[in-house]
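Letters A, B, ... are given to chains in the order of the sequence lines, protein chains preceding strands, and every chain is numbered from 1.
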2 protein chains.
Amino acid sequence: MASLRKTNIRAELEAHVETPDLEEFIGYNLKRAYVIVQSDFRRALGEDGFAPRVFSALSLVVQYPNVTQSGLARMLGIERSGLVAIVDELEGRGLLKRTDVPGDRRVQALVPTTKGKTTYAEARAAVRAHEDRLLSNLSDEEKATLMALLGKIRSHED
Amino acid sequence: MASLRKTNIRAELEAHVETPDLEEFIGYNLKRAYVIVQSDFRRALGEDGFAPRVFSALSLVVQYPNVTQSGLARMLGIERSGLVAIVDELEGRGLLKRTDVPGDRRVQALVPTTKGKTTYAEARAAVRAHEDRLLSNLSDEEKATLMALLGKIRSHED
DNA sequence: CTCATATCGTTAATATAGTAAACAATATCC
DNA sequence: GGATATTGTTTACTATATTAACGATATGAG
């Protein structure tokens, strides 16, 4: 049994619980796993890379050109007020532009620039590489199973 | 195919991507699933209930009485500076006390009070009920599989 | 024994992620 | 035409976390 800390005899003596309750909660395991994947994502994409949520937004804009901010917020499951800063960043980096939509002057459609599309393709490759490396101890079948089970949880969305 | 919004013909016309890239990333699915479980946890435990991290800390203090704050932070995978507020809250609610440890005057061991132990038992039951209800569309076997797969990701901890 | 080094709990400063509420402009419904 | 709803935005706030520093204390090397 590994010690928590080499010199801490007191803690050592108390550490007699077979399996802590915490480890049996899905929520706790989900969070711990998420923290690992998220921090590896950031490490892999580097200083001037994308934060996960910015990458996600860019991904959807590239795949759904002319999506509106409200629509994008809905897809991402966040408030539209929270999306403003994300779109600001992407527009500031020249990866998309806000464009007027004829027929509804409240709306501004989000359109990826050429640079946005190529940058996204590169970032996507980097994210795939990060996941392939980090999750190399899972087989393809295990990954598929994990996705399916997470999908069952996600069925509660909306 | 469900529409994103009943009147948004423009978005409708563009929404032709079979499977968005995002949905194929484990990290994204992990995050979306985590958000659902977390927010249901909070809803289930109510206004004056515990935040997930406070519940986790209490759980470990009850199961590892006399754990130190540094030790607890290590178990939770957070900085010890971040643990201070959590322990303050639990102590303020009378669920644990900081106690001097003879032999090392730097350390204060965390000991659950009687109220802390009973409150934890109730909270644990509430959390189990929340997970049972939220995850009722997963079989026991599926839950076990999910735990095992999350455990493989968690093997990268430390 | 003493001195360098490490650890403990804590505070303060900062960063990030997210919500809620309000707003003006515009669109839709009856 | 007038009530109602939606869009993008700003502002204020909350929660969660990290880093760096601190004084107090403990440990290890010589």
K.L.:
Hey, does the side chain of B:Arg42 come within less than 4.0 Å of D:dT16's phosphate (OP1/OP2), counting only N and O?
P.N.:
yes

K.L.:
Taking the nucleotide of DNA chain D with the nearest heavy atom to each, does A:Val35 or A:Ser70 sit closer to the 5' end?
P.N.:
A:Ser70

K.L.:
Please collect all ring-ring contact (aromatic ring centres under 6.0 Å, His included) contacts where either partner lies in residues 73-109 of chain A, sequence neighbours excluded, each pair once.
P.N.:
none

K.L.:
Give the rounded distance in Å between these two atoms: OH of B:Tyr34 and C1' of D:dA17.
P.N.:
11 Å

K.L.:
Filter on ring-ring contact (aromatic ring centres under 6.0 Å, His included), then keep only pairs touching residues 139-158 of chain A, sequence neighbours left out; what's left?
P.N.:
none

K.L.:
Whole angstrom is fine here: how far is it from CZ in A:Arg106 over to P in C:dA25?
P.N.:
14 Å

K.L.:
Is any side-chain N or O of A:Lys31 closer than 4.0 Å to OP1 or OP2 of D:dA17?
P.N.:
yes

K.L.:
What residues in residues 83-100 of chain A put a non-hydrogen atom under 4.0 Å from any atom of DNA chain D?
P.N.:
A:Val84, A:Arg98

K.L.:
For DNA chain D, what are the stems built from at least three Watson-Crick or G-U pairs in a row, each pair having both distances below 3.5 Å?
P.N.:
C:1-30 with D:1-30

K.L.:
Does B:Arg105 have any side chain to side chain donor-acceptor pair (under 3.5 Å) partners at least two apart in sequence or in another chain, and if so, which?
P.N.:
none

K.L.:
Holding to side chain to side chain donor-acceptor pair (under 3.5 Å), I want the full list of residues that pass it with B:Glu157, two or more places apart in sequence or in another chain.
P.N.:
A:Arg32, B:Arg154

K.L.:
Name the pairs: protein N/O against N/O of nucleotides 20-22 of chain D, kept only if under 3.5 Å.
P.N.:
none

K.L.:
Scan residues 117-140 of chain B for pairs that pass ring-ring contact (aromatic ring centres under 6.0 Å, His included), counting only residues two or more places apart or in two chains.
P.N.:
B:Phe41-B:His130, B:Phe55-B:Tyr120

K.L.:
Let me spell it out: for each of B:Gly82 and A:Ile78, pick the nucleotide of DNA chain C with the closest heavy atom. Which residue's pick is nearer the 5' end?
P.N.:
B:Gly82

K.L.:
So, OP1 or OP2 of D:dT9: does either fall under 4.0 Å of a side-chain N or O from A:Gln69?
P.N.:
yes

K.L.:
May I have the distance from B:Asp104 (atom CG) to D:dA26 (atom P), rounded to whole angstrom?
P.N.:
5 Å

K.L.:
Given atom CD of A:Glu79 and atom P of C:dC23, what is their separation to the nearest angstrom?
P.N.:
18 Å

K.L.:
Give the rounded distance in Å between these two atoms: CG of B:Leu76 and P of D:dA17.
P.N.:
9 Å

K.L.:
Which residues satisfy the side-chain contact (heavy atoms from CB on, under 4.5 Å) test with A:Ser81, sequence neighbours excluded?
P.N.:
A:Glu79

K.L.:
Is there a donor-acceptor pair under 3.5 Å between the side chain of B:Glu131 and the backbone N or O of A:Gly27?
P.N.:
yes

K.L.:
Would you mind reading off the distance between A:Gln38 atom CD and D:dT16 atom P, rounded to a whole angstrom?
P.N.:
15 Å

K.L.:
Please identify each residue that fulfils side chain to side chain donor-acceptor pair (under 3.5 Å) with B:Arg106, with sequence neighbours left out.
P.N.:
B:Asp104

K.L.:
Write down the distance between CZ (A:Arg105) and P (C:dA27), rounded to a whole number of angstrom.
P.N.:
5 Å

K.L.:
Does any pair with a residue in residues 82-105 of chain B pass ring-ring contact (aromatic ring centres under 6.0 Å, His included), and if so which ones, sequence neighbours excluded?
P.N.:
none

K.L.:
So, applying side-chain contact (heavy atoms from CB on, under 4.5 Å) with B:Val61, which one of B:Val111, B:Leu110, B:Val87 is it?
P.N.:
B:Leu110

K.L.:
Using whole Å, what does the distance between atom P of nucleotide C:dT10 and atom CG of B:Leu72 come to?
P.N.:
12 Å

K.L.:
For the residue pair B:Ile36 and A:Ile153, what are the closest heavy atoms and their distance?
P.N.:
CD1-O, 3.6 Å

K.L.:
Does B:Arg98 have any side chain to side chain donor-acceptor pair (under 3.5 Å) partners at least two apart in sequence or in another chain, and if so, which?
P.N.:
B:Gln69, B:Asp88, B:Glu91

